[in-house]
Every structure is written in structure tokens, then in C-alpha cells.
Amino acid sequence: MLDIKFIRDNQDIVKDAIRKKFVKLDLDGLISLDDKRREVLSLVENLRAEQKTVSDGMVSADASAREELLAKLRPLKENLQKKEEELKKLTSDWRDMMVQVPNVPDMTVPEGVSDEDNQEIRAWGEKTQFDFEAKDHVALCEAHDLADFERGAKVSGFRGYFMKNEGAQLFFALWQYTLNYFIKEGYTPIIVPSLVKKETLYGTGYLPQGEEDLYQTQDGEFLAGTAEVAMMSYYAGEILEKKDLPKKFIAFSPCFRREAGAHGKDIKGIIRVHEFFKLEQIILSEANHEMSVALHEEITKHVENIMQALKLPYHVVVNCTGDLGLGQVKKYDIEAWMPSQQKYRETHSSSYFHDFQTRRLNIRYRDDDGSLKYVHSLNNTACATSRLPASILENYQEADGRIRIPEVLRQYFSTDYIG
RNA sequence: GGAGAGAUGGCUGAGCGGUUGAAGGCACUGGUUUCGAAAACCAGCGUUGGGGAAACCCAACCGGGAGUUCGAAUCUCCCUCUCUCCGCCA
């Protein structure tokens with residue numbers, strides 16, 4: 001959520017953001033609603049002040065004076081109640097609109113409509129080429145009994161899967177390797193809930209817009225699609241110490257996604273599934289744009305370090321305005337090379353939000369001048385199993401059908417090859 | 001699942017219908033003292049919204065929501081969460 005003062009003072013900038021992010025929102029309507037809200041608010045406050053003053057006189061008044069005061073108060077109260085009702089409605093409508101106002105994209109973000117317009121900013125590694133007929137990760141999983149998709153569908157339904165044997169080991173190896181990397185970098189490891197209350201999803205900006213992609217329980221909780229949701233809500237309503245910032249977490253959780261808008265896409269394998277596991281980087285920092293930018297580059301670099309250690313060809317794209325989430329200021333996607341598709345596929349997503357999330361979640365810190373400020377937030381994937389293992393399987397296959405295990409992961413296996 | 005107790009400022013903890021935004025303590029900030037620090041003493045110290053050039057003024061906030069009342073931290077109802085005991089259980 002943006003500050004209404006900022007919105008009022010920078011209507012052109014916000015309108016531009018609405019246009020660039022393809023958000024449907026009538027900003028002029030919001031401004032005039034805010035005008036009305038302020039007007040009624042001030043009316044209510046004046047009425048309350050009057051009531052308070054008269055009411056204070058009751059303490060020292062005798063019986064007849066009391067009657068007189070009461071006669072004065074009755075119509076006042078009636079009027080106040082009417083205005084309060086009006087204010088309540090206005091405030092509720094105002095809030096509904098406020099949560100739809102998008103954050104403003106950074107100047108360096110290219111304008112565009114969809115992921116087609118994202119721009120590559122750097123690429124690393126040679127795109128893997130084979131002098132034999134290469135298999136996709138689905139065929140490789142089947143060939144070596146690394147996953148069971150048929151029984152996955154039988155037990156769990158469409159997009160269900162079981163990971164088995166070295167397939168299962170590969171997941172654990174990646175988690176362990178990634179976790180160790182981030183612990184060395186000073187991140188706090190943490191396992192967070194996926195079953196969350198809806199306030200957490202409003203706070204992180206996944207509601208109200210993203211409801212159709214979320215699973216909901218019969219008790220009203222939701223299953224989060226990322227550890228970011230629970231992790232960001234961890235400090236909701238709290239005031240942090242500036243000396244403790246930035247706070248860096250490496251958070252693990254199962255992730256659930258309905259993939260409601262993705263029918264027919266990636267229908268086989270583990271590229272697009274309803275349930276997977278993810279280690280996520282989450283950072284809370286002081287409210288400083290330069291620091292957010294520096295940390296954004298840092299969380300992106302961490303992923304690149306890991307991709308390079310795994311020797312996986314990848315590139316980094318800067319997402320265009322149309323491919324940004326409501327709260328995101330700037331986002332990089334890190335995409336791994338998928339030989340079977342002869343293209344890069346998103347494996348990580350690195351973004352920063354300024355105080356968009358923390359304003360909703362009310363996470364603040366006391367600055368040196370004594371004032372309270374909303375912290376800045378950032379997050380990036382650290383390791384998403386299943387997409388990362390799929391990429392490893394494809395890139396590491398050999399002519400004889402075996403799959404080599406990346407050097408840095410061999411410490412977690414008893415062999416160097418699958419098959 | 002059953003029974004009970006509770007939720008107050010950055011923390012702790014009083015208040016249980018009327019100048020209470022809220023005693024006391026801790027923490028914090030400034031000062032006195034000191035070569036410096038600690039201790040002691042003095043003073044200050046909530047957040048949010050609105051108005052104002054400013055001094056300052058007004059309103060809201062004692063887990064959340066509704067109600068009673070001229071007036072609610074204080075009374076009533078609902079919800080959430082925490083704790084204790086019993087039951088069940090990975």
C-alpha cells in the first residue's frame with residue numbers, strides 16, 4: 001500500500017504506474033473519495049469534541065443543570081451517529097481502493113506488456129548442447145525411476161508427483177547445499193508455516209488480487225504459495241531496532257499454487273506443480289532506496305553464485321512493468337537453460353518493494369532522529385525444488401543415458417552418477 | 001474436545017464508569033556530578049489522523065469488533081490469541 005499523502009502529492013506518477021502495470025483503477029475517483037472522507041472525518045471530530053466538552057460539565061452539574069445538558073446532548077448525539085455511519089462507509093470504500101493502488105516501478109524498469117517484453121541483462125555459461133538425442137526431464141525421471149507421475153496423479157490429482165530414489169536425494173541435496181551457502185552469508189535459517197491467515201496475504205499483496213491462485217481451507221485459512229507470506233508477517237505490527245537491520249532470512253516452506261490461469265501449460269513433469277518446496281531469501285532493511293537497490297543486487301548475486309557453482313547456464317532478465325506484481329518496484333528473473341525446450345525457464349524471482357508490504361503489515365523501526373519509519377522489504381528465491389532439479393537433470397544428462405551429479409552436490413550422494 | 005484465568009505504552013505493571021493518554025518501575029534522551037564511566041539526582045519521553053508558517057490546537061487509540069451510557073481502559077455480547085488443569089495425539 002502506498003501512503004495516501006504520497007498519492008495525493010504525486011498523482012501523475014501514480015497514474016503512470018497504474019497505466020504501466022495495467023491496473024484497472026480510477027485514481028481521480030480515489031482522490032475525490034479521499035476528499036469526501038477527510039471532510040466527513042473533520043465533521044465527526046468536531047462533533048465529538050463538542051460532545052466531550054458538554055459531557056464534562058455533567059460531573060459538577062446539579063440535577064436541573066443535568067437535565068439541561070442532556071437536552072442539549074441528545075440531538076448532538078443523533079447527528080454524530082449519522083455522520084459516523086457515513087464515515088464508516090467512506091473509510092471502507094476508501095480502503096478497498098487503496099489496496100489496489102500499485103507501487104511505482106523504478107525508472108530503470110523497461111515498459112512492456114508481458115514477460116515477452118522482459119530484457120536480458122546478462123547471461124552466464126554456454127547453452128548446453130548435446131551430440132546425441134537428449135531427453136527432457138520427464139523422460140529422464142521415468143528412465144531412472146526418479147519420480148512417479150502416474151501414481152502422483154492417482155494419489156494427488158493433476159500435476160501430482162512423487163520424488164523417488166536419487167530424485168528425492170537431489171531435492172535434499174539442493175536444500176542442504178543452499179542452506180549452508182546462506183548460513184555462511186549470515187542469513188538466519190527458518191522454517192515457516194504455509195497455512196496462513198488471510199491478513200498475511202493482504203499484507204504481502206497476494207490478496208485481494210490473487211485469490212484464484214490460492215487454496216483455501218474450510219476454516220478460512222489459505223495455503224501460501226511462498227515462504228515470503230509467513231516470513232513477512234513474522235514481524236507484523238512490531239517495531240524493530242535499527243541496529244538489527246537488515247534482517248536476512250533463508251526461509252523454507254512447502255508452496256501451494258492452484259495454477260488457475262495456467263491450464264494446458266507445462267502439463268508434464270515438475271516444472272509447474274501445485275505443491276513444491278522452496279528456500280526463499282527475505283530481507284527487511286532500513287527505509288533507504290540506495291540500500292534497497294544494493295540489497296536487491298546482493299540477493300540476485302547469491303543466486304547467480306549458486307547457479308555458477310552448479311554450473312547451470314542461466315540468464316538474468318529485468319522484468320518489464322507489465323510483468324511486475326502490484327507491490328514490486330523492480331524485479332529480476334533468473335532463468336535456467338532447459339535443453340529440451342531450447343529456452344530459458346524461470347527458476348528464481350528477485351524483487352524489492354520499498355515500504356509497500358511493510359505499510360500494510362505495519363512493520364516499523366525507530367530511526368536515528370526518533371521518528372518511526374516503515375522498513376523496506378525484498379525477497380528472492382534461493383532454491384525452488386522442483387524447477388531447479390528439473391534443470392539439473394536435463395543439463396547433466398550424458399550420451400549413455402546416465403545423469404552426472406554436479407560436483408558441489410556429490411557430498412550428499414554415495415555415487416557420482418544417476419543410473 | 002472439557003473446565004478455568006488472562007490480553008493495558010519499547011518492556012514491566014497499576015487502574016475496573018467521569019480532566020486517565022493512562023500511576024510506579026525499567027529502557028531511552030538531555031542535564032548536574034566525574035579525568036572518564038558507573039551510580040545518584042533533576043528534567044524530558046507514546047502512536048496515528050486532521051488543522052496551522054510556527055508555537056500549538058482538535059480527534060482516535062488500553063487484543064479485534066459490536067453494544068449500553070451524557071460519558072467506557074473500566075459494564076454487556078461476539079471473535080481472536082495466550083496461559084493453567086483434564087482428555088486425545090505425531
Inset, instruction - Could you let me know what B:A43 is paired to, Watson-Crick or G-U wobble, both distances under 3.5 Å, or none if it's on its own? - result: B:U29
Inset, instruction - Quickly, which of A:Q397, A:R345, A:E394 forms a side chain to side chain donor-acceptor pair (under 3.5 Å) with A:S340? Name it, please. - result: A:E394
Inset, instruction - For A:R151, check salt bridge (charged side-chain N to carboxylate O under 4.0 Å, His left out) against everything at least two apart and list the hits. - result: A:D148
Inset, instruction - May I ask you to verify if any side-chain N or O of A:R366 is less than 4.0 angstrom from the OP1 or OP2 atom of B:U47? - result: yes
Inset, instruction - Write down the distance separating the P atoms in B:C42 and B:G25, rounded off to the nearest Å. - result: 10 Å
Legend entry - side-chain N/O A:Q51 vs B:C70 OP1/OP2, d < 4.0 Å: no
Inset, instruction - Strictly below 4.0 Å, heavy-atom distances to any atom of RNA chain B: list the hits from residues 70-81 of chain A, or just say none. - result: A:L70, A:L73, A:K77
Legend entry - All salt bridge (charged side-chain N to carboxylate O under 4.0 Å, His left out) counterparts of A:D355, not counting sequence neighbours: A:R359
Legend entry - B:C70 phosphate, OP1 or OP2, under 4.0 Å from A:K52 side-chain N/O: no
Identify the pairs formed between an N or O of the protein and an N or O of nucleotides 88-90 of chain B at a distance under 3.5 Å, and give each distance.
none

Legend entry - Under the ring-ring contact (aromatic ring centres under 6.0 Å, His included) test, residues paired with A:H354 that sit two or more places apart: A:H289, A:Y352, A:H376
Inset, instruction - Using a cut-off of strictly less than 4.0 Å between a heavy atom of the residue and any atom of RNA chain B, enumerate the qualifying residues of residues 30-46 of chain A by number. - result: A:R38, A:L41, A:E45
Legend entry - Validation row, ring centre A:Y314 to ring centre A:H348 under 6.0 Å: no
Inset, instruction - For B:U47, take OP1 and OP2 only and decide whether either is under 4.0 Å from a side-chain N or O of A:K373. - result: no
Inset, instruction - Inspect the surroundings of CD1 in A:I191 and state if more than 12 heavy atoms from other residues, nucleotides or ligands are less than 6.0 Å away. - result: no
Inset, instruction - Could you measure between the two C1' atoms, the one in B:C28 and the one in B:G9, and give it in whole Å? - result: 14 Å
